[in-house]
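In listed order, ligands and their atoms are each counted from 1. Just so it is clear, the model here is predicted, and its values are computed rather than measured.
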Amino acid sequence: MNILSESEQIPIAMESLGVLVTYPLFPYLEQELLRRGCHLLRLYHSPETNHLAFLRANASSICAVVCDTHVGADAAMIDALPGLEIVSTFSVGVDKVDLVKCKERGVRVTNTPDVLTDDVADLAIGLAIAVLRKLPAADRFVRKGAWKTGGYPLTTKFSGKRVGILGLGRIGLAIAQRAEAFNCPISYHSRSRKPHPNYKYYPSPLDLASNCDILVVSCALTDETRLIINRAVIDALGPQGVLINIGRGHHVDESELVSALVEGRLGGAGLDVFENEPDIPEELFQLDNVVMTPHVGSDTVETSMAMADLVIANLEAHVIGRPLLTPVV
Ligand SMILES: O=CC(=O)O
């Protein structure tokens, strides 16, 4: 759905709105904000050590923050902006926004759920198949001409594998529905039991990992879910098990993950997210049973446009005093 195309009218209220942009924007989003006359203040033009000085110098003109998964809105930023009314993140995850501080200050927060669900779920399934069928390694095999000297070793079947989903929210459910089409029995662990009788609920991540072949992390990053994938969970998944992470790097104890993969205590991993992006533990580069993507779960043109439309629609709703479309706070 293109929310903006429903109305070609540009609300006067957006004119001269001071918007702090924390990280270079998807060009369409930048164009649309400028087309509405927003005054963009680009934090990334000032060196990180000067961020607070930049914020203080521009505080009087900043009413809104548009941020993303790279640079969010932390307590220091919010404190430095007394005129801040709304933070609109170009992401579904809100772990980089200090929600407690926003609530305290009465600052509204919006994110971009739903529009990216399909892409993230597609990537989770893609990673699982890529790991089990060793697609990147097979591609390298063909490109380097190795096929001429012999066939590629057998790989592992995806269809029918037991898929465990950590976090059966919108994205987790979309992953479950896709995996069902591959005849995979589905189980899950979530904060609460969900009304899906075909999916088996386990009361802990450890129980879930002990009873699946592929464990997919698709929960939000919160204090409760940070490091939810620890050594015990990894060992429960075991040498035939595969971990897929399309959540956040901080869900996983990364050094435990790396040693389990290097030592063969875990069968494989498909990782879109990492602890210190874009720095990746180099040990992973040598492993053909690991497939990595650079945090691109929702990065398609179509979905980025829909996310941009949602960011703008939320800002517009705020300035004209209408209900926010996707409020978090
Ligand atoms: O990681 C991506 C998002 O939170 O949208």
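The pair Arg36-Glu316 meets the salt-bridge criterion, since a charged nitrogen lies less than 4.0 angstrom from a carboxylate oxygen. Ion pairing between Asp74 and Lys101 fails under the 4.0 Å rule for side-chain N and carboxylate O.
The closest side-chain donor-acceptor pair between Thr117 and Asp119, if any, does not fall under 3.5 angstrom.
Residue pairs meeting the ring-ring contact (aromatic ring centres under 6.0 Å, His included) criterion with at least one member in residues 52-81, sequence neighbours excluded: Tyr23-His70.
Interface atoms of ligand 1 facing His295, defined by a heavy-atom separation under 4.0 Å, are 1 (O), 2 (C). Near Leu116, meaning under 4.0 Å from any of its heavy atoms, are these atoms of ligand 1: 5 (O). Remark: ligand 1 atoms within the under-4.0 Å shell around heavy atoms of Thr69 are 1 (O), 2 (C), 3 (C), 4 (O). Residue contact check: Ser91 has heavy atoms under 4.0 Å from atoms 3 (C), 4 (O), 5 (O) of ligand 1.
Among protein heavy atoms, atom 5 (O) of ligand 1 sits closest to Val92 N, 2.8 Å.
For the pair Thr112 and Leu310, the tightest heavy-atom approach, listed with the atom from each and the gap, is CA-CD2, 3.7 Å.
The shortest N or O to N or O distance between Thr112 and ligand 1 is not below 3.5 Å. Of the polar atoms of Gly247, none of the N or O atoms is found under 3.5 Å from an N or O of ligand 1, judged by distance alone. Taking distance alone, with nitrogen or oxygen atoms compared against 3.5 Å, Arg248 approaches ligand 1 more closely than that limit. Polar contact with ligand 1: present for Gly93 (N/O pair, distance under 3.5 Å).
Applying the salt bridge (Lys or Arg N to Asp or Glu O under 4.0 Å) criterion to Glu85, with sequence neighbours excluded, gives no partner residue.
Not a single donor-acceptor pair under 3.5 Å links the side chain of His251 to the backbone N or O of Ile229.
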